[in-house]
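Written out below as structure tokens is the structure these notes cover.
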Amino acid sequence: MRKNAKVLLYLLNFFFMGLWPSYGYAISYPADIEQILNRKKLIVGIFSKDNPPFIMHDKAGHLSGYDIELAKYLAEKLGVGIVFNQEAKTYDEMIDLVNQKKVDIAMSLITPTLERAQKVRFTRPYLYLHQALLYNRLTAAKDKITDPANQPEKLAGLKMGLLKSSTYVQYSKQNFPNADYVYYENMADVMNDVKQGKLFAAFSYQIALAHWLDEQVDAGLYTGISKLNDRVEPIAIAVSWEHPNLLAWFDLALRLIDLENKDAHLKNYYFAKYIL
Amino acid sequence: MVFVKKAWLTNPWVIIASIFLGLVIGFNDPLLAKKLSALGRLYLSLMGMCILPIMITAILSSFGKLLRASYIADMLKRLTGFLVMGLLVTAIFGVLAALITKPGLMINAQAKQLLSEKIIDTQMTAAGCSDCQNFMDFLTGMVPTNIFHALSQGNNLAVLFFSILLGVALGLVPLASAEKTLENLHVFYLALLKMVDWIMCGLPIGLCFLFTGYATQIKWSELTALANLVILIYASGLLLLIVCSLVIWRNSKLTYFKSIAVLKTPLLIGFGTCSSFAAIPTMIQSLEKNLHIERNLVELIIPLGVNLFRPASILRLAIVSIFVAQLYGQHLTLIQLAMVVVTSVLAGIAASGVPGIASVSVLAYVLQPLGLPTALGTVLLITITPIIDPILTLLNVYSTCTLGVLMKKKGKIQNYNERAS
């Protein structure tokens with residue numbers, strides 16, 4: 001009996017002794033996440049130029065837009081502050097910044113392509129955007145084009161404005177092989193030239209085009225928007241391939257936001273009214 | 001037949017006063033106006049419920065009778081002549097009026113912004129409005145696949161087409177009982193008119209309620225932004241109304257003011273309800289009783305005229321088309337102007353087959369051949385229609401009356417034919 005009690009005591013002792021060391025160690029975080037937590041800041045790469053209503057400067061010069069607000073929300077959930085890096089002049093440069101780990105994530109209407117996915121990793125898409133043409137009404141009426149985005153054969157020889165190094169350079173070759181492409185540095189210039197009739201069409205996100213149209217005073221008289229049927233473009237966050245845990249965290253966060261519809265107010269505020 | 005039991009109910013001053021009262025209520029108490037305008041629409045339905053049967057019985061009984069008269073061919077020839085002439089003259093007038101006054105060049109930034117916003121808004125709700133119907137659709141719409149379907153859908157053109165054919169057939173049935181059937185139809189027709197008489201007793205109240213609704217619909221900012229276009233349409237409408245009144249006066253034995261006064265009831269109903277169909281019964285009665293035009297003739301011409309002779313919609317199309325060309329800075333050649341005249345007549349006729357606000361889609365017939373965008377014109381028409389509808393309906397009603405009066409002059413031919421046979 002006494003012997004048994006001794007054994008029991010021994011076993012208990014063994015148990016507590018076994019547990020003992022864990023009191024002394026801190027919970028370990030994956031290195032890629034820990035680095036951000038230690039820094040207390042999430043560095044987010046965004047496009048250098050405004051891309052309303054996703055990324056834009058308000059009159060006071062503050063950044064706003066859907067992507068900006070969503071990034072702020074994610075940083076808050078991560079428990080850190082946020083810094084925006086606006087060095088990238090092109091989308092490819094933005095991918096390179098992620099690849100070189102100069103930014104933690106890039107979040108600026110980036111479309112995951114197979115080519116880009118060789119350099120960085122992408123989260124699940126947080127938006128699906130429609131592609132559309134902003135077209136000049138007068139030219140369309142003269143050439144009897146009723147639905148420019150879905151009549152590529154009628155666009156042969158007509159001038160189409162595109163943003164340099166955007167995914168739309170590829171898309172235009174797929175969708176409007178016969179159009180006459182003109183490359184621009186700034187999307188606003190493209191749309192203004194469409195209004196003035198220098199270009200027939202601008203090819204971009206339908207929401208961006210509709211937002212521009214809404215900001216203009218009388219552009220609706222001269223330009224219209226035509227949406228490509230059955231063409232949606234996913235938008236995702238780019239993360240370095242060396243940061244798989246960060247990627248997993250953002251993936252889950254986006255999934256939860258989606259499930260709980262946490263970004264509904266952002267969508268309503270920034271672009272719900274522009275969706276055709 | 002007593003048309004209205006209490007003469008004061010259709011006294012123009014009573015009606016104008018009730019319209020004015022309606023506007024006052026509408027502007028001052030939009031909440032009350034909303035409730036009252038629902039009653040106004042109820043009154044409009046009450047008036048509308050008799051229209052289709054009246055149209056059918058009028059055409060059936062009159063066509064059957066007219067077929068037995070020998071002058072029918074002459075009459076139809078004259079009718080077509082007046083119809084085409086009247087519409088062409090209106091279109092030319094509209095084009096000239098817009099060319100002279102240049103409303104599209106004088107448009108201000110505020111109006112441009114308004115129209116731009118409206119275009120964007122309509123595109124948001126109705127994406128890709130490119131499926132405008134062509135002339136073949138108009139023809140297929142005119143021939144009903146099922147007459148009862150056409151009746152229940154209120155497809156007037158199809159009903160008209162069927163009624164005319166049935167009227168001809170009834171007139172050609174060589175039986176004494178066919179004559180009786182025509183008589184019976186006429187009895188129905190008279191009974192329907194009786195119903196309309198009762199309903200007319202509520203006219204001042206009905207119009208008052210309807211106008212409370214109109215008052216809440218008018219958006220002053222839009223009205224002032226497009227003031228020059230609205231004024232142009234009102235002025236051209238008034239000019240054409242004066243032309244109509246002169247034609248009626250010359251063809252009646254009445255004094256000028258008397259010749260206008262005898263048609264006051266249909267004119268006021270047209271103006272007040274913005275529906276020329278609602279004015280059909282009173283138009284028939286006024287022409288028959290006050291201007292002494294042969295009953296069979298009136299009963300045929302008025303339903304036909306209301307459906308097919310609509311100078312006001314052609315005036316509207318012509319003016320708006322020139323307006324659009326001016327706004328886009330397109331200089332139209334003489335040939336293009338001639339095209340506007342012809343296409344707006346065709347489009348105006350085609351519009352009679354399209355119900356309600358959708359009828360603005362026929363503008364595409366006029367603008368597409370000119371290589372002009374249709375969106376602006378469509379939005380423009382939708383925007384100004386509530387404001388210009390009263391004068392346009394008034395013009396349609398009055399010109400159809402004029403058509404009836406002009407057809408009366410066939411008295412000579414009738415005598416000649418009777419002598420010849």
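Convention: sequence-line order gives letters A, B, ...; per-chain numbering from 1. These numbers come from a predicted model, not from an experiment.
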- Query: Could you give the distance from CZ (R137(A)) to CD1 (I119(B)), rounded to the nearest 0.5 Å?
  - Reply: 5.0 Å

- Note on the structure: In this structure, CD1 of I120(B) is separated from CG of L221(A) (nearest 0.5 Å) by 8.5 Å

Are there over 12 heavy-atom neighbours, none belonging to [X], within less than 6.0 Å of that residue's [atom1]?
X: I335(B); atom1: CD1; answer: no
X: H149(B); atom1: NE2; answer: no
X: D230(A); atom1: CG; answer: no
X: K34(B); atom1: NZ; answer: no
X: F27(B); atom1: CZ; answer: yes

- Task: Go through the atoms of E117(B) and report whether side chain, backbone, both or neither lie under 4.5 Å from a heavy atom of chain A.
- Result: neither

- Select one option (side chain, backbone, both, neither) describing which atoms of L115(B) are under 4.5 Å from chain A's heavy atoms. both

Non-hydrogen atoms of [X] and [Y] that approach each other most closely:
X: S116(B); Y: G220(A); result: OG-N, 2.8 Å
X: A141(A); Y: P373(B); result: CB-N, 3.4 Å
X: Q368(B); Y: K144(A); result: O-NZ, 3.4 Å

Side-chain donor/acceptor pairs under 3.5 Å, residues 122-129 of chain A, sequence neighbours excluded:
residue	atom	partner	partner atom	Å
T123(A)	OG1	I237(A)	N	3.0
Y126(A)	OH	D67(A)	OD1	3.4
Y126(A)	OH	D67(A)	OD2	3.2

- Query: For A219(A), is it the side chain, the backbone, both or neither that has a heavy atom under 4.5 Å from a heavy atom of chain B?
  - Reply: backbone

